[in-house]
Each structure stands twice: as structure tokens, then as C-alpha cells.
J.: 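The structure follows.
Basis for what follows: all heavy atoms, side chains included, without hydrogens, waters or symmetry-related copies. Along the sequence shown, residues are numbered consecutively beginning with 1.
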Amino acid sequence: LKTLEGARDAVRELRKNGDPEGGITVYIREGVYEQSESLVFSEQDSATEACPITYTAYNGEEVVITGGYTLDPTKYTVPSDAIKSRLQSSDAKEKVVAYDLAAAGVDYSDITTNREGRTRIDSRLYYDGIRGWTGRYPNDDRSQYSYVEFNSLSGNSFIDISGRVKNWAQSSIDEARLYGMFEIDWSESNGTITDYDAATGRVTIKASTGMNNSGRYFYYNVLEEVDSVGEYYIDDETGMLYFFAPDNYRDIPVRFALCRDSVICADVDYYTFNGLTVECGVDDLIVINGDGNTVSNCTVRNCSDDGIKFSGSGTTVYNNELSYIGGTGISGEMPNTVEMKHSDTVIDNNLIHDYAELHRVYNAGIGVGGVSIGHDGGYGMTVSHNEIYNGPHLAFSYLCRDAVFEYNYIHDVCYEAGDAGAVYDGTWLSNGMVFRHNVIKDIVNKFNIYMTPLGYYCDDSGGGKTVYSNIFINIDGAAIATSGQDNDIHDNILIDASSGKNGIDCIYADSRSYYKFPGNGVSG
């Protein structure tokens with residue numbers, strides 16, 4: 001069969017005479033399978049515990065299911081002199097190439113509309129699996145402070161102390177967008193320029209939130225700011241893509257995400273997706289709703305929202321690598337906890353890095369126990385043996401009762417966060433949690449933004465937690481911070497944790513809602 005839809009339909013036909021004993025396996029041969037629309041498995045495709053269904057790479061071959069259009073390396077051209085004249089660096093004038101997306105029939109219409117209540121940065125070009133950015137200032141560089149702080153803020157206007165805007169054409173000013181934390185560290189903001197006074201350098205914006213002098217932002221979607229490898233700009237009127245290409249751009253896959261919603265959308269029970277590369281989703285990559293499902297041994301990369309999103313009981317997410325994710329790496333909801341029945345959810349041995357790239361606050365490497373209709377955090381889950389790094393905010397975030405987190409390695413997260421923790425929970429929705437035998441290392445806000453990030457952070461009067469036998473190394477703020485009752489915290493090793501920096505000790509507790517301490521707080 002030539003297509004994945006063809007295989008799905010063949011399975012439907014096979015099952016008309018009843019399910020075969022022992023289940024069904026669909027083997028996928030090596031190659032690139034393009035999905036400009038979601039590969040959908042609906043209720044009629046749902047399997048059973050007696051007859052599970054597996055989609056797997058054949059004999060370990062490389063199978064790529066991509067929601068992206070692959071640029072033809074023979075169709076790059078040289079930008080016009082008019083375009084080159086607007087580029088600000090000599091390297092850009094030499095290295096930027098052009099590609100006619102409109103002529104290729106590619107839907108390049110922007111995605112900065114609201115989805116689930118948030119505006120999304122349009123960043124859909126990937127080269128060799130790495131995210132490209134629409135020309136931005138400051139550039140995306142973890143070794144540098146990649147934001148500008150508001151200066152001379154007055155209402156919704158400020159002085160452009162970077163001096164960048166004065167070098168932009170009027171069309172770039174009209175199309176430029178801003179992203180950051182305009183009001184407070186833990187709330188993302190978006191904005192567009194409504195006016196620019198060249199004489200004073202004052203920029204006026206329309207913003208999604210309020211603005212404070214301590215707020216920060218970066219500009220993006222600006223042709224003139226395409227000045228480093230991987231940055232690009234799309235002319236909305238002509239459909240021309242201008243890409244600052246790496247030297248080997250003709251020899252690597254360069255893809256533009258087209259598939260909206262999710263690349264794989266499965267409303268099924270007892271399915272396994274194994275050994276696949278799933279990439280280039282405009283929104284999410286793999287969405288599974290149902291019981292007894294597994295995602296294993298997959299590479300999941302390149303999207304604007306979540307990597308793997310699940311809902312149901314008996315979900316296993318095992319031995320996957322997730323990277324260049326716009327939102328949360330692995331997100332999930334478990335069923336209602338009224339009966340206190342263990343959900344049998346297991347998230348084990350995954351490598352998660354370079355996530356929360358486009359939504360940089362409260363999007364974790366693993367964020368589970370969502371609260372929605374029919375779901376109030378869930379009951380019972382095991383998260384173990386995962387490595388998580390290169391995230392601007394949280395590594396773990398959860399609202400789940402009786403969850404176990406063990407043998408995980410978390411490092412180099414919260415690097416631009418303040419009031420946050422590498423591991424973050426709170427409220428009584430997550431009581432009964434056990435956090436043990438984990439290593440949390442290098443949780444450092446390198447730029448002294450707002451406050452200092454923490455190691456394990458139990459917020460909002462959360463109680464009933466057990467934290468023991470963990471190692472915390474080089475934590476900017478407190479290694480352990482807690483704010484509720486009945487939290488059992490013992491036998492942890494703390495190395496270079498806070499040491500009194502910014503008046504914070506290595507272990508901190510307060511009692512905002514229960515059993516008030518003298519002065520409503522205590523640290524030690």
C-alpha cells in the first residue's frame with residue numbers, strides 16, 4: 001500500500017469479518033510520508049485489549065511522517081537587489097536565499113490567530129530538524145539575554161533603546177510583532193506596532209496584556225533582522241521565502257510545516273505507534289484520546305504547540321525523543337478521580353529538550369494532570385528515567401494525585417524564569433505525590449530576571465507531598481520550597497543551592513493557608 005491512509009482503510013476492511021486473534025500489526029517501510037492533513041484514526045478504528053493494533057517501522061527502517069512541505073534544493077534563487085539592500089549584515093546579503101512558496105502551492109498564511117486562548121508565534125520552517133525563526137531581535141541565543149527591557153514606558157509606548165526600528169522599512173514596522181513577558185515574569189504577552197515616531201524613537205504597541213517597566217520583549221517577523229543562520233522571512237504579498245541558509249542547505253531537509261491540528265490524530269483504544277519520526281506540525285504532533293495506548297521509540301519534533309498529547313487511562317509513553325517543540329513536550333489528562341482508580345499512566349525513559357520555544361511560560365517538558373470537564377487531575381501515574389533539558393521554564397508540571405516521579409535527570413531549565421521551579425506543583429489536586437531518586441542540576445536564571453528559579457516548588461498551599469532521596473546541584477533559588485501542610489521532605493542532598501543569595505535559603509517553607517507560622521513564613 002502506498003499511503004498510511006491506505007493501510008488504515010485496509011485494516012478497516014480486514015476487521016469487517018471480526019478481529020483476528022492476537023492483534024494486527026501494520027509495518028511501514030522506510031521513506032518520507034507527507035501529511036498535509038492529519039492522519040486520522042476515528043472510533044471505527046479503535047482496537048481492543050484482545051486485538052490491539054500497532055503501526056511500526058519495519059525492521060528498524062527510518063520512517064518519517066511529516067506534516068511539512070520539503071523545499072526542492074534545485075529551486076532556490078538569489079534575492080533581488082531590493083531585498084538585499086534591506087538586509088542589515090554583510091553575511092546576510094551573501095547567505096540569504098529565496099524560495100517561491102506561492103509558485104509551489106504552499107499555504108504560507110500565518111498562524112498568529114488564537115488557539116486555546118493564546119496567540120502563537122508563526123515559526124514553521126525547520127532545517128535538519130532545527131527550528132528557524134522569523135527574523136528577530138535579539139536573536140535566539142541562550143548564551144545571551146535574548147530580550148529587550150522596556151525603557152521610558154508610558155501607557156502602551158516605550159523608547160526603542162535598541163535603535164533597530166529606525167532601520168526598518170515602513171512595511172516591516174507594520175508587520176513586526178513582539179513577544180515576551182510585558183507585565184510579569186510568569187505570563188506571556190504578544191503585541192503589534194501601531195505607531196513609530198522616528199524623531200523620538202518611541203514605539204506604540206497594541207498588547208495582549210498590561211505592561212510594566214520590568215517587562216521584556218523581543219521583535220520578530222522582520223526582514224531586516226534576518227541576520228543569523230536559520231532565520232527567515234516570508235513576504236505575505238508575493239509568497240517569497242527569504243532564508244539565511246546554512247552552508248549545507250542543499251544537502252539537508254528543509255521543511256515548512258503545513259499540517260494543522262495534529263499530524264496524527266487518534267481517537268482510539270489499544271493502539272501503539274512505534275519507531276516512527278513524526279514531525280512538522282503547525283499545531284501538535286501526536287494527539288491520542290482513549291485507553292491502553294502507547295507511543296514508543298519515536299522521534300517527535302518540530303511543532304508550534306505540544307509534542308505528544310494524550311487523554312485517557314493506561315497510556316504508555318516510552319523511550320521517545322522530543323525536541324524543538326513550541327509548547328509542552330508531553331501533556332496529558334487522566335480520568336476523573338472520584339473512584340480513586342489508578343490510571344496506569346507511565347511516562348518512562350524519554351529524552352525531552354528544546355521545548356516551550358514559542359510559549360515560554362508554564363509549558364513543561366512533561367505537563368500532566370490537566371483539569372477540564374471530566375478530568376480533575378487524575379489519580380495514579382509513574383514518571384521515571386526521563387532526561388529533560390533546554391527549557392526556559394518548567395521541566396515537570398502536574399496536578400495528579402498519587403503520582404510517582406523517580407530516577408529522572410533534569411538540568412538547564414528555568415534559564416529565563418524567576419517565580420518558577422524545575423519541578424512545579426501546587427494545590428491539593430496533587431496530594432499523595434512522591435518525588436524520589438531524582439537529580440536536578442543547573443537551575444540558573446543567567447540574567448537576573450525578576451526572581452530566582454527553584455528546584456522543587458510546591459506552590460499555592462499544596463499538601464500531602466513526599467520528597468526524599470533527591471540530589472539538587474547548583475540551584476539559583478531554594479532547592480526545595482513548599483507552602484502547605486503534611487509535606488514530608490527528608491534525606492535530600494543539596495549542593496550549591498541558593499546559599500542565601502537574594503535573601504533566600506536552600507530550603508524554604510511558608511504557610512499561606514494553613515497553620516500559620518509566626519509572621520506567616522519560615523525559612524531555613
Side-chain angles (χ1 to χ4, degrees), residues 1-33 35 37-65 262-278 284-300 307-321 330 332-336 339 341-350 368 374-375 378-385:
L1 297 167
K2 186 176 181 180
T3 68
L4 298 171
E5 286 87 353
R8 177 202 60 196
D9 295 345
V11 171
R12 289 177 181 174
E13 189 66 26
L14 173 68
R15 299 178 70 199
K16 285 182 177 180
N17 296 320
D19 286 341
E21 185 177 344
I24 298 168
T25 299
V26 176
Y27 291 102
I28 309 173
R29 297 304 304 264
E30 64 184 349
V32 177
Y33 296 80
Q35 294 291 148
E37 296 181 348
S38 300
L39 173 61
V40 175
F41 298 91
S42 60
E43 185 177 350
Q44 67 176 311
D45 301 303
S46 192
T48 65
E49 189 170 9
C51 182
I53 295 176
T54 298
Y55 282 73
T56 186
Y58 176 76
N59 200 28
E61 293 180 353
E62 185 177 5
V63 174
V64 178
I65 303 173
S262 60
V263 176
I264 295 177
C265 179
D267 293 322
V268 294
D269 299 329
Y270 298 103
Y271 260 59
T272 293
F273 296 98
N274 180 71
L276 312 174
T277 293
V278 183
D284 306 312
L285 289 167
I286 300 175
V287 176
I288 303 179
N289 301 306
D291 298 332
N293 294 309
T294 297
V295 179
S296 57
N297 305 306
C298 290
T299 298
V300 180
I308 299 172
K309 182 183 290 186
F310 69 86
S311 176
S313 294
T315 302
T316 298
V317 183
Y318 173 74
N319 201 44
N320 306 284
E321 179 175 2
I330 300 170
E333 294 183 345
M334 282 78 75
N336 200 304
E339 297 178 359
K341 182 179 179 181
H342 200 288
S343 77
D344 294 323
T345 299
V346 175
I347 302 175
D348 181 65
N349 207 53
N350 299 284
V368 286
H375 299 83
Y379 186 88
M381 170 181 64
T382 300
V383 179
S384 55
H385 305 101

J.: So, Thr345 versus Ser343: side-chain donor-acceptor pair below 3.5 Å or not?
T.: yes

J.: Can you tell me if Ser262 and Asp284 form a side-chain donor-acceptor pair at under 3.5 Å?
T.: no

J.: Hey, what's the ring geometry for Tyr379 with His342, parallel, tilted or perpendicular (30° and 60° as the breaks)?
T.: perpendicular

J.: May I have the step-by-step check of side-chain contact (heavy atoms from CB on, under 4.5 Å) for Val317 and Asn350, ending in yes or no?
T.: CA-CA 8 Å; Val317 183; Asn350 299 284; 3.9 Å; yes

J.: Counting C-beta onward and ignoring hydrogens, is there a side-chain heavy-atom pair between Asp45 and Val11 closer than 4.5 Å?
T.: no

J.: Could you grab the distance from atom CZ of Phe310 to atom CE of Met334, nearest 0.5 Å is fine?
T.: 5.5 Å

J.: About how many Å separate SG of Cys265 and CG of Leu39, when rounded to the nearest 0.5 Å?
T.: 9.0 Å

J.: Specify the closest pair of heavy atoms between Arg15 and Ala47, including all atoms of both residues, with the distance to one decimal.
T.: NH2-CA, 3.9 Å

J.: Starting at CZ of Phe273, measure out to CD1 of Ile264 and round the result to the nearest 0.5 Å.
T.: 5.0 Å

J.: Should Asp267 and Ser46 count as side-chain neighbours, where that means a heavy-atom distance under 4.5 Å?
T.: no

J.: About how many Å separate CD of Glu62 and CD1 of Ile28, when rounded to the nearest 0.5 Å?
T.: 13.0 Å

J.: Return the set of residues passing side chain to side chain donor-acceptor pair (under 3.5 Å) with Asn319 (not counting sequence neighbours), or none when no residue passes.
T.: Asn297, Asn349

J.: So do Pro52 and Thr272 actually touch side chain to side chain, heavy atoms under 4.5 Å?
T.: no

J.: Do Asn289 and Ser311 have side-chain heavy atoms sitting under 4.5 Å apart?
T.: yes

J.: Quick one: closest heavy-atom pair of Ala10 and Leu1, and the distance?
T.: CB-CD1, 3.7 Å

J.: Starting at OG1 of Thr299, measure out to CG of Leu276 and round the result to the nearest 0.5 Å.
T.: 9.5 Å

J.: Please enumerate all residues that pass side chain to side chain donor-acceptor pair (under 3.5 Å) together with Glu49, with sequence neighbours excluded.
T.: none

J.: Could you work out, with side chain to side chain donor-acceptor pair (under 3.5 Å) as the rule, every residue matching Asp269, not counting sequence neighbours?
T.: none

J.: Is there a side-chain contact (heavy atoms from CB on, under 4.5 Å) between Val263 and Ile286 once you walk through the steps?
T.: CA-CA 6 Å; Val263 176; Ile286 300 175; over 6 Å; no

J.: How close do Tyr271 and Asn293 get, heavy atom to heavy atom, and via which atoms?
T.: N-OD1, 2.8 Å

J.: Quick one: OG1 on Thr54 to CG on Asn274, what's the gap to the nearest 0.5 Å?
T.: 7.5 Å

J.: If we ignore angles and hydrogens, is there a donor and acceptor under 3.5 Å between the side chains of Asp348 and Ser384?
T.: yes

J.: Do the side chains of Ile308 and Leu285 get nearer than 4.5 Å, heavy atoms only?
T.: no

J.: Evaluate Asp19 against Thr48 for side-chain contact (heavy atoms from CB on, under 4.5 Å), listing each step before the verdict.
T.: CA-CA 9 Å; Asp19 286 341; Thr48 65; 4.1 Å; yes

J.: On a heavy-atom basis, which atom in Cys51 and which in Pro20 lie closest, and how many Å separate them?
T.: SG-O, 3.5 Å

J.: Walk me through it: do Glu5 and Arg8 pass the test salt bridge (charged side-chain N to carboxylate O under 4.0 Å, His left out)?
T.: CA-CA 5 Å; Glu5 286 87 353; Arg8 177 202 60 196; 5.6 Å; no

J.: With a 4.5 Å limit on heavy-atom distance, are the side chains of Lys309 and Ile288 in contact?
T.: no

J.: Please determine whether side-chain contact (heavy atoms from CB on, under 4.5 Å) holds for the pair Asp344 and Ser313, giving the CA-CA distance in whole Å, both sets of side-chain angles, and the decisive distance to 0.1 Å.
T.: CA-CA 6 Å; Asp344 294 323; Ser313 294; 5.9 Å; no

J.: Between Tyr318 and Thr294, is there a side-chain heavy-atom distance shorter than 4.5 Å?
T.: no

J.: State, with a plain yes or no, whether a side-chain heavy atom of Tyr33 is found less than 4.5 Å away from one of Val63.
T.: yes

